[in-house]
2 protein chains.
Amino acid sequence: MSRSPVDYLHGTLETLILKTLTRGPMHGYAVARWIEGATGETFPVEEGSLYPALYRMEKKGWVEAEWGVSELGRRAKLYRLTRAGRQQLARDTEAWQAFASAVTRVLARV
Amino acid sequence: MSRSPVDYLHGTLETLILKTLTRGPMHGYAVARWIEGATGETFPVEEGSLYPALYRMEKKGWVEAEWGVSELGRRAKLYRLTRAGRQQLARDTEAWQAFASAVTRVLARV
DNA sequence: CGTTGATACCTCGATTGTCTATATATAGAC
DNA sequence: GTCTATATATAGACAATCGAGGTATCAACG
């Protein structure tokens, strides 16, 4: 669906969230910490970006939320990947690879 | 200088422009067409993004502009990379590699 | 016992870059 | 004469991020 750079670019956080949730249902805070860890702190996830992103994704039907309990026994909203979300992840991943490799190729050019 | 995702993301066009100008002085229109060609049309460069980007970069001292003539004999504003622009490109390239490889690595994870 | 820090969610306003659309102007092709 | 490509410029709308603030719970520390 995405055609312009801004779509790849601005969508990166959403794509990483989708990817994170393939590991199983998770609450927002855990998703953020996991992304940061997995990218070696290269991709900090601010809460002011995280929660709006999760709402957008819920509205688009990519994730479903349910109140539950975190690993530490706290009240937490658990997000689960939907079928549509899984399909979106496949499309996003392909689009990202094309975009990133194109940019990388140009920058690597001598 | 860039620390947050939005800096890598929004800076991509500027980085590609810097890279393009290492090939020698060029006018904006040619820069746009070159980026599109070099990325295999993966990265379309709209004029509404291009010219504002060039002005930002001129203001930041990364490029210098001078009115001249295009290859086709038309009036054109020729942009030239400055020393600061070259240094910025080096930083940007490094930052991009770190960012892109981190995202790619996470998405490739099984 | 009070405070700090981590966990966990939420939201507002400002910022910023891109996009679409529009405008101008020239030159060559048909 | 009109269309297409070249070439620059700008205005307004849009969208995602960021920074900063707020709420609440709980464990650890002194």
Side-chain angles (χ1 to χ4, degrees), chain A residues 1-17 20 25-37 42-60 62-63 65-79 92 99 103, chain B residues 1-17 20 25-37 42-60 62-63 65-79 92 99 103:
Chain A
M1 231 80 341
S2 46
R3 286 306 184 95
S4 63
V6 81
D7 289 326
Y8 303 111
L9 301 179
H10 276 156
T12 307
L13 175 58
E14 295 187 9
T15 304
L16 287 176
I17 292 174
T20 306
M26 248 191 237
H27 59 276
Y29 191 81
V31 168
R33 297 294 84 78
W34 189 84
I35 291 176
E36 290 178 348
T42 300
F43 201 107
V45 180
E46 306 296 337
E47 301 185 359
S49 312
L50 172 70
Y51 294 110
L54 285 169
Y55 300 147
R56 288 196 301 272
M57 296 168 73
E58 200 178 354
K59 195 179 288 180
K60 286 185 278 195
W62 299 350
V63 298
E66 188 185 7
W67 282 102
V69 177
S70 75
E71 322 78 57
L72 296 175
R74 305 219 182 169
R75 159 189 162 279
K77 199 186 273 184
L78 300 175
Y79 287 92
D92 281 3
F99 169 73
V103 172
Chain B
M1 228 77 343
S2 48
R3 286 305 185 96
S4 62
V6 80
D7 289 327
Y8 303 111
L9 301 178
H10 276 156
T12 307
L13 175 58
E14 295 186 10
T15 304
L16 287 176
I17 292 174
T20 306
M26 245 189 242
H27 59 278
Y29 190 81
V31 167
R33 297 295 83 79
W34 189 84
I35 291 176
E36 289 177 348
T42 300
F43 201 108
V45 180
E46 306 296 337
E47 302 182 357
S49 311
L50 172 72
Y51 294 110
L54 285 169
Y55 300 147
R56 289 196 300 272
M57 296 167 73
E58 199 177 355
K59 196 179 289 180
K60 286 186 278 197
W62 298 351
V63 299
E66 189 186 7
W67 282 102
V69 178
S70 74
E71 321 78 57
L72 296 174
R74 302 216 184 174
R75 158 190 162 279
K77 200 187 272 185
L78 301 174
Y79 288 91
D92 280 2
F99 170 72
V103 172

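A note on names: the letters A, B, ... follow the listed sequences, proteins ahead of strands, and every chain is numbered from 1.
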Integer-rounded Å distance: C:dT24 P and B:Arg75 CZ
14 Å
Phosphate OP1/OP2 of C:dT18 contacted by B:Arg56 side-chain N/O (<4.0 Å)
yes
When rounded to whole Å, the CD to P distance for the pair B:Glu46 and C:dA21 reads 10 Å
Please give me the minimum heavy-atom distance between B:Leu54 and B:Gly28, naming the atom from each residue.
CD1-CA, 3.9 Å
Let me know the distance between CD of B:Glu14 and C1' of C:dT18, rounded to the nearest Å.
12 Å
Whole-Å gap separating C1' (D:dA7) and CD (B:Glu66)
17 Å
Should B:Ser70 be listed as having a side-chain N or O under 4.0 Å from OP1 or OP2 of D:dA7?
yes
Can you tell me how far the CG atom of A:Leu50 sits from the CG atom of A:Leu16, to the nearest 0.5 Å?
11.5 Å
Selection from D:dG21, C:dT7, C:dT20 that lies nearest to any side-chain heavy atom of A:Glu47:
D:dG21
B:Gly28 near the nucleic acid: base, sugar-phosphate alone, or nothing, with a heavy-atom cut-off under 4.0 Å?
sugar-phosphate
Please name the pair of heavy atoms, one in B:Leu13 and one in B:Ala53, separated by the smallest distance, quoted to 0.1 Å.
CD2-CB, 4.0 Å
Closest to side chain of B:Arg74, choosing from D:dG19, D:dT10, C:dT26
C:dT26
Given D:dC18, C:dT7, C:dC9, the nucleotide with the shortest approach to the side chain of A:Lys77:
C:dC9
With respect to the phosphate group of C:dT7, does any side-chain polar atom (N or O) of A:Tyr29 fall under 4.0 Å of OP1 or OP2?
yes
Let's test this: given Watson-Crick or G-U wobble pairing with both distances under 3.5 Å, identify the partner of C:dC30.
D:dG1
Are any of the side-chain heavy atoms of B:Tyr79 and B:Ile17 separated by less than 4.5 Å?
no
Of the options D:dT8, D:dC18, C:dA8, whose atoms approach the side-chain atoms of B:Ala76 most closely?
D:dT8
Between CZ of B:Arg33 and P of D:dA5 the distance, given in whole Å, is 11 Å
A:Tyr79, nearest nucleotide to its side chain (from D:dT10, C:dT7, C:dC10):
C:dC10
On DNA chain D, compare the nucleotides closest to A:Gly73 and A:Gly48; which residue's is nearer the 5' end?
A:Gly48
Counting only heavy atoms not in A:Glu36, do more than 12 fall under 6.0 Å of its CD?
yes
Distance test, side-chain N/O of A:Tyr51 to OP1/OP2 of C:dC10, below 4.0 Å
no
Which nucleotide sits closest to the side chain of A:Ser49: D:dT17, C:dC9, D:dA9?
D:dT17
